[in-house]
Amino acid sequence: ATGMFTFDPGFVSTASCESKITFIDGDKGLLYYRGYPIEQLAENSDYLEVCYLLIYGELPTAEQKEQFVHTVMHHTMVHEQLNWFFRGFRRDAHPMAMMVGVVGALSAFYQDSLEISDPEHRKIAIYRLISKIPTIAAMCYRYSNGLPFNYPRNDLSYTANFMHMMFATPCEEYKPNPVLVRALDRIFTLHADHEQNASTSTVRLAGSSGANPFACIAAGIASLWGPSHGGANEAVLNMLDEIGDVSKVPEFMEDVKAKKRRLMGFGHRVYKNMDPRAAIMKQTCDEVLKELGLENDPQFKLAMELEKIALNDPYFIEKKLYPNVDFYSGIVLSALGIPVSMFTVIFALARTVGWISHWNEMIGDPGQKIGRPRQLYTGADRRDFVPVEKR
Ligand code: SDX
């Protein structure tokens with residue numbers, strides 16, 4: 001029990017670790033970053049301020065924020081030799097495959113000065129990752145599309161700079177739409193952290209051995225790639241494309257109930273109520289589509305119809321299946337001009353601060369030990385070796 005939050009003994013015994021960063025109440029649909037409700041942060045804060053909060057545990061003063069933003073924005077370039085890594089990939093390589101490889105390679109560029117027992121050295125790794133992950137993400141997109149890389153611009157905000165690196169061309173000036181920048185910045189905030197999800201637990205376990213933090217983040221990216229986790233937003237769009245039309249929904253729902261398909265973007269290991277991020281994502285999706293004059297976007301309409309049917313269907317109600325953060329994120333990312341293959345890269349970009357905050361919290365704990373999950377052995381009893389001629 002800590003302050004206002006109390007846990008039943010049964011829950012405490014299954015917890016894999018203690019953390020002060022993020023609190024989730026799956027039954028009530030609550031999500032707090034360092035005690036602040038996600039709804040208030042999404043509405044009133046911005047992603048870099050949320051990064052500061054997740055790392056340091058408090059919202060920054062105006063001076064602290066200015067210093068943090070300046071430091072992050074002045075480390076956004078990557079080592080020029082990193083460009084050569086991309087030339088080794090096939091043009092049709094999945095952007096997540098490139099991101100795993102290049103982020104892992106950062107451990108070959110920035111390992112010299114890293115004594116992770118020193119908080120100041122950990123801070124260097126944290127800032128380098130938050131600064132450079134948008135640059136690498138944009139490079140994955142540019143390379144996949146045969147486009148020249150864009151260098152970062154320090155005169156733009158963190159998210160506007162990301163959109164510049166993604167979409168600017170040398171041929172004309174690129175001016176990010178402030179409504180779309182604000183929407184994408186809020187999407188980053190919604191994805192920033194989520195307690196001990198599969199990818200964050202991967203980073204913690206990898207980091208518990210004292211491994212290089214850049215390599216640990218690459219392990220988190222690999223875990224997030226799966227369709228049951230961060231790959232779900234890509235799977236939602238593919239599912240909507242396959243259903244095609246509202247008239248096909250009843251047939252699809254029958255397949256789901258027959259367990260032939262899963263309603264991607266629905267269900268959650270922890271939330272057995274609405275994922276609070278899904279409602280904010282839906283509102284953000286609505287704002288972006290209105291700004292772009294796409295209110296009648298067929299995929300959005302199909303998604304809303306699918307949600308309405310599922311929320312009133314006894315099968316889904318009984319299994320406590322509600323929309324999660326991924327259900328609407330694909331539609332809004334698509335509207336922002338981000339291709340499906342880049343959806344999980346966007347998720348990884350935003351989640352990097354959560355991963356590295358958990359890594360920092362763990363490494364900074366003097367009682368920290370290497371992770372060593374145990375198992376229930378269900379294999380063969382003891383037996384003696386049999387030579388091949390007798391098998
Ligand atoms: C993320 O952990 C996190 O915090 C993750 C995340 C984060 O921010 O890091 O929130 C991000 O990963 C969100 C989840 C994105 N994934 C999807 O949308 C993929 C579709 N969802 C499912 O695969 C599933 O809901 C999971 C994996 C998300 C959760 O799985 P659970 O809670 O372990 O549920 P389960 O697989 O044990 O299913 C429980 C029941 C089963 O039926 P029964 O065996 O009891 O009869 O619900 C059914 C499942 O068949 N079910 C679904 C379903 N999800 C669960 N049936 C249809 N469609 C679905 N989406």
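One-based numbering, in listed order, for ligands and for the atoms of each. This one's a predicted model, so the numbers in the text were calculated from it and none came from an experiment.
Ion pairing between K301 and D245 fails under the 4.0 Å rule for side-chain N and carboxylate O.
One option in D326, D275, L263, I24 has a heavy atom closer to atom 60 (N) of ligand 1 than any other, and that option is L263. One option in R269, R262, K319 has a heavy atom closer to atom 49 (C) of ligand 1 than any other, and that option is R262. One option in K272, K259, H191 has a heavy atom closer to atom 46 (O) of ligand 1 than any other, and that option is K259. Nearest-residue assignment for atom 5 (C) of ligand 1 (options H268, M264, K257; heavy-atom criterion): H268.
Between Y158 and F188, the angle of the ring planes goes over 60°, which puts this pair in the perpendicular group of the 30/60° scheme.
Against a heavy-atom cut-off of under 4.0 Å, R351 is close to the following atoms of ligand 1: 7 (C), 8 (O), 9 (O). Taking every non-hydrogen atom of S228 and a distance limit under 4.0 Å, the qualifying atoms of ligand 1 come out as 12 (O), 14 (C), 15 (C), 16 (N). Within the listing of ligand 1, atoms 2 (O), 3 (C), 4 (O), 5 (C), 9 (O) sit less than 4.0 angstrom from a heavy atom of N197.
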Cut-off 3.5 Å, no hydrogens considered: what does the side-chain donor-acceptor table look like for residues 24-31, sequence neighbours left out?
residue : atom : partner : partner atom : Å
D25     : OD1  : D27     : N            : 3.0
D25     : OD1  : K28     : N            : 2.9

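Within the 4.0 angstrom cut-off, atom 16 (N) of ligand 1 has one or more protein heavy-atom neighbours. There is a protein heavy atom closer than 4.0 angstrom to atom 1 (C) of ligand 1. Per-atom contact check: atom 38 (O) of ligand 1 touches the protein, criterion being a heavy-atom distance below 4.0 Å.
Heavy atoms of V270 found under 4.0 angstrom from ligand 1: none, in either backbone or side chain.
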Could you walk me through whether Y32 and Y36 satisfy the ring-ring contact (aromatic ring centres under 6.0 Å, His included) test, starting with their C-alpha distance in whole Å, then the side-chain angles of each, then the deciding distance to 0.1 Å, before giving a yes or no? CA-CA 5 Å; Y32 299 160; Y36 294 97; 9.3 Å; no

Could you check F347 against H191 for ring-ring contact (aromatic ring centres under 6.0 Å, His included), going step by step and ending with a plain yes or no? CA-CA 6 Å; F347 194 151; H191 287 86; 4.5 Å; yes

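Every N/O-N/O distance between A198 and ligand 1 stays at or above 3.5 Å. The N/O atoms of H229, backbone and side chain alike, include one that comes under 3.5 Å of an N/O atom in ligand 1.
Listed by first then second residue, pairs satisfying ring pair (Phe, Tyr, Trp, His ring centres under 6.0 Å) with a partner in residues 356-391 number zero, not counting sequence neighbours.
For R277, the closest heavy-atom approach to ligand 1 falls below 4.0 Å.
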